[in-house]
Amino acid sequence: MSKKAGANFPRRFEGLRRFLRVAVLACALPQLALGETGSITPNYKDADIRQVIEAVGAVTGKNFVLDPRVKAQVTMLSSAPMNPDAFYEAFLSILSVYGFVAVPSGNVVKVLPDANARQLPGAEGAPGGGRLADDLVTRVISVRNVAAAQLVPILRPLIPQYGHLAAHAPSNLLIISDRASNVERMIRIIERIDQASSADFEVIRLDNASAAEVVRVVTALGQGAKAEGGAAQSATLVADERTNSVLVSGDKNERLRLRTLVAHLDTPLQEGGDTRVRYLRYADAEDLATKLQSQYQNRGSPGAAGQNAVPPTEKGDITIWADEPTNALVITAPPKTMKGMMAVIDKIDIRRMQVLVESLIVEVSADKAAELGVNWAVGDADLDNIIGVTNLATPKTGGSGLIGLVAGAAGDELDPAALAGAIGGGINLGVGRLSDSGTSFAALINALATDAKTNIVGTPVLVTMDNEEAEIKVGQEVPFITGSFTNTGTGGGGQTGVNPFQTIQREQVGLSLKITPQINEGDAVLLKIEQELSALQAGATKAADLITSNRTITTSVIVEDGGTLVLGGLIQDDVRETQNRVPLLGSLPLIGKLFRVDSTSKTKTNLMVFIKPTIMRDDAQAAFETNAKYNYIRNEQFAQDSGSIALMPGQEKPVLPPAAPTAPASIDLRKLRTDAQTVGQANGSGSPASAN
């Protein structure tokens with residue numbers, strides 16, 4: 001073959017060589033799909049980056065030199081075919097994602113970690129836009145209107161770690177080394193910042209607002225914008241309190257914006273000067289006026305101590321008075337003080353939550369007593385002269401005992417009044433012999449058993465606002481005899497009369513509940529409780545007057561919303577045995593029972609007190625709780641015969657009307673069902689009561 005023919009061989013067989021290259025590439029890399037027109041659809045999943053570099057070299061004809069540290073498993077998904085140039089640009093993006101960079105160097109391309117890339121020449125010298133977006137370039141930018149050193153801390157966060165940003169202060173230049181796309185973005189940012197300033201001064205006089213207050217508001221606005229990542233305010237504002245003016249310096253556009261903002265703030269108050277009328281919805285105007293006046297009475301007054309420490313915007317007379325018919329506050333104060341008062345009133349004048357407190361008092365007591373005794377009397381005929389008698393009666397039996405019985409039976413005729421007064425409680429059996437001569441005797445056998453039971457269940461219900469004391473009393477006035485005396489006087493006609501007197505004191509007997517709830521953050525309620533339960537006692541022991549029992553609890557507890565807590569209780573067993581006997585004779589076996597009186601009493605008391613608070617956070621829940629109790633009472637009326645009144649045709653018994661419907665949208669439905677079941681069980685029907 002001639003030399004000329006050998007030189008033309010590559011050109012002659014160029015098409016064959018491309019075909020063989022594509023064929024070999026298709027066999028070696030099955031993840032690279034080739035189209036009919038030479039387009040490429042690359043798809044890699046966890047492929048070795050070296051394998052991808054081989055494919056790029058085969059398609060583009062470029063030669064690569066790989067750093068030993070270039071190792072990675074890459075993934076690239078493509079749904080549309082691309083030409084070799086687009087494939088190479090996608091390859092550069094893959095290197096950027098995985099921390100590598102391709103640096104052209106003559107006929108080869110170096111692939112190395114991007115941490116060392118800034119130390120090598122980049123593609124900044126590529127002719128006519130030949131640089132790609134991910135090529136590494138270095139640019140020197142001249143800054144004209146601002147100091148280049150001031151731009152470094154602003155722009156440094158926009159440069160990746162492998163990039164480089166530095167300022168040359170003598171020549172006011174910036175040196176940036178990074179990928180071409182990011183460098184172009186940095187240049188655009190610098191061009192917008194590097195603008196000439198037309199700074200000047202303006203004096204804005206204020207007629208209504210305070211210059212110091214306006215400067216504070218506008219400055220706070222600029223700081224807020226800066227904190228949110230926006231542009232910082234480039235103008236400077238200074239307040240001149242003597243002339244009540246605002247001095248503004250800065251860019252012309254910024255000064256125009258600030259002048260408009262200051263003019264908007266320098267407007268008179270729509271409420272009419274420094275006086276406002278504030279209508280209260282929940283708080284008491286008279287009480288709140290006293291507290292506000294106490295808080296602000298010394299602030300801003302001309303003679304107040306420490307006046308120099310009060311800002312000019314807070315100087316001035318402050319007056320607060322309450323209009324009771326309209327429950328309103330009339331306030332006169334400087335603007336800043338007025339704003340602070342309005343903020344305080346907004347926090348205080350709110351709808352306070354309410355608490356429904358149900359107290360459950362259960363007392364079950366049993367009082368039993370038994371008595372058995374014998375009394376004797378021995379004397380002459382008809383027991384006119386008693387020579388021996390035993391009087392072992394106890395207060396349980398009552399009556400005048402054996403002596404009264406003998407007195408009533410003596411003589412020719414029985415004295416029923418004397419006999420009735422002699423016989424005590426229980427069964428009385430008299431045994432004896434009364435004769436006109438000789439010895440007479442009599443015996444009285446008395447037996448008594450008493451059984452008293454008490455079952456008290458009280459459920460006082462009380463509703464009050466948060467941190468407000470409330471009290472409920474349910475009971476009756478019971479008269480107790482405290483003393484008696486007889487007054488003897490002379491009436492008309494010289495007659496002497498006897499006037500008996502008794503002193504009586506009435507005492508409250510019943511139930512008393514006093515609570516002060518405090519709703520904590522969450523669902524817990526702190527309760528200060530004073531509870532008292534007094535009742536007439538059905539005792540087995542006879543007393544001189546009425547017997548009352550008294551149960552008192554004073555405590556502070558924390559209960560969860562809707563929970564039940566035991567406050568206290570008493571479980572008591574009291575057994576008493578008493579024996580009255582004749583000395584010696586009463587101690588004899590068997591026969592000794594004829595000379596003694598035995599009495600036994602046993603008292604068992606079970607008392608428990610429970611509390612259940614329910615927080616009513618809104619009007620819907622309050623309406624629901626009210627309707628539940630309302631319908632319970634209404635059902636109790638229907639449980640009785642609520643038809644016509646006996647002996648009065650056409651007349652009906654009064655019954656509560658149906659409760660108004662409510663819409664408890666903010667109440668949990670599960671809680672509604674639970675409360676309804678509780679009310680139904682209280683009705684005794686076992687089914688939920690209707691709760692509108």
Side-chain angles (χ1 to χ4, degrees), residues 67 69-70 88-106 109-200 219 222-236 249-258:
D67 189 281
R69 293 171 291 178
V70 178
Y88 181 72
E89 189 172 354
F91 165 68
L92 295 180
S93 299
I94 293 176
L95 295 179
S96 176
V97 170
Y98 288 92
F100 304 111
V101 64
V103 180
S105 179
V109 179
K110 299 178 182 179
V111 180
L112 65 160
D114 53 14
N116 302 330
R118 60 184 179 181
Q119 300 174 359
L120 300 175
E124 60 274 358
R131 295 186 302 272
L132 299 178
D134 289 320
D135 282 338
L136 192 68
V137 296
T138 301
R139 292 288 302 272
V140 178
I141 304 171
S142 177
V143 183
R144 294 186 178 86
N145 300 294
V146 296
Q150 295 179 352
L151 297 180
V152 172
I154 299 175
L155 302 177
R156 191 65 185 87
L158 305 179
I159 302 295
Q161 293 183 355
Y162 63 83
H164 178 70
L165 174 64
H168 185 253
S171 57
N172 204 34
L173 298 176
L174 281 177
I175 302 173
I176 303 177
S177 178
D178 196 2
R179 299 186 186 274
S181 57
N182 195 37
V183 171
E184 295 297 331
R185 181 173 72 103
M186 299 294 294
I187 293 175
R188 291 193 297 269
I189 294 175
I190 294 172
E191 289 176 352
R192 297 190 60 181
I193 297 176
D194 188 23
Q195 298 290 334
S197 175
S198 57
D200 204 344
T219 303
Q223 292 176 352
K226 181 179 179 181
E228 295 177 0
Q233 182 175 288
S234 59
T236 302
S249 67
D251 182 72
K252 181 178 180 180
N253 295 330
E254 184 68 14
R255 284 189 282 111
L256 178 61
R257 185 183 69 85
L258 292 177

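Bear in mind that the values here come from a model prediction, so they are computed numbers and not experimental data. Any value given below was found using the heavy atoms of this structure, including those in side chains, with hydrogens, waters and symmetry copies removed.
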Can you list the residues that meet the side chain to side chain contact (heavy atoms under 4.5 Å, CB included) rule with R144, with sequence neighbours excluded?
D194
Verdict with reasoning, V143 to L151, per side chain to side chain contact (heavy atoms under 4.5 Å, CB included):
CA-CA 10 Å; V143 183; L151 297 180; 4.1 Å; yes
Rounded to the nearest 0.5 Å, what separates atom CG in L165 from atom CG in L158?
9.0 Å
Are the side chains of I141 and I175 in touch, meaning some heavy atoms are under 4.5 Å apart?
no
Is there a side-chain contact between I189 and I154, using heavy atoms and a 4.5 Å cut-off?
no
Evaluate side chain to side chain contact (heavy atoms under 4.5 Å, CB included) for I190 paired with I176, printing each intermediate quantity in order.
CA-CA 12 Å; I190 294 172; I176 303 177; 4.1 Å; yes
Salt bridge R188-E191, side-chain N to carboxylate O under 4.0 Å
no
Between N172 (side chain) and A149 (backbone), is there a donor-acceptor pair under 3.5 Å?
no
How long is the span from the CD atom in E254 to the OG atom in S249, to the nearest 0.5 Å?
10.5 Å
Considering only heavy atoms from C-beta outward, does the side chain of M186 approach that of V183 to under 4.5 Å?
no
Apply side chain to side chain contact (heavy atoms under 4.5 Å, CB included) to Y88 and V109, showing your working.
CA-CA 12 Å; Y88 181 72; V109 179; 4.0 Å; yes
Take L174 and V152, measure what side chain to side chain contact (heavy atoms under 4.5 Å, CB included) needs, and give me the verdict at the end.
CA-CA 8 Å; L174 281 177; V152 172; 3.9 Å; yes
L256 meets the side chain to side chain contact (heavy atoms under 4.5 Å, CB included) criterion, sequence neighbours left out, with R259
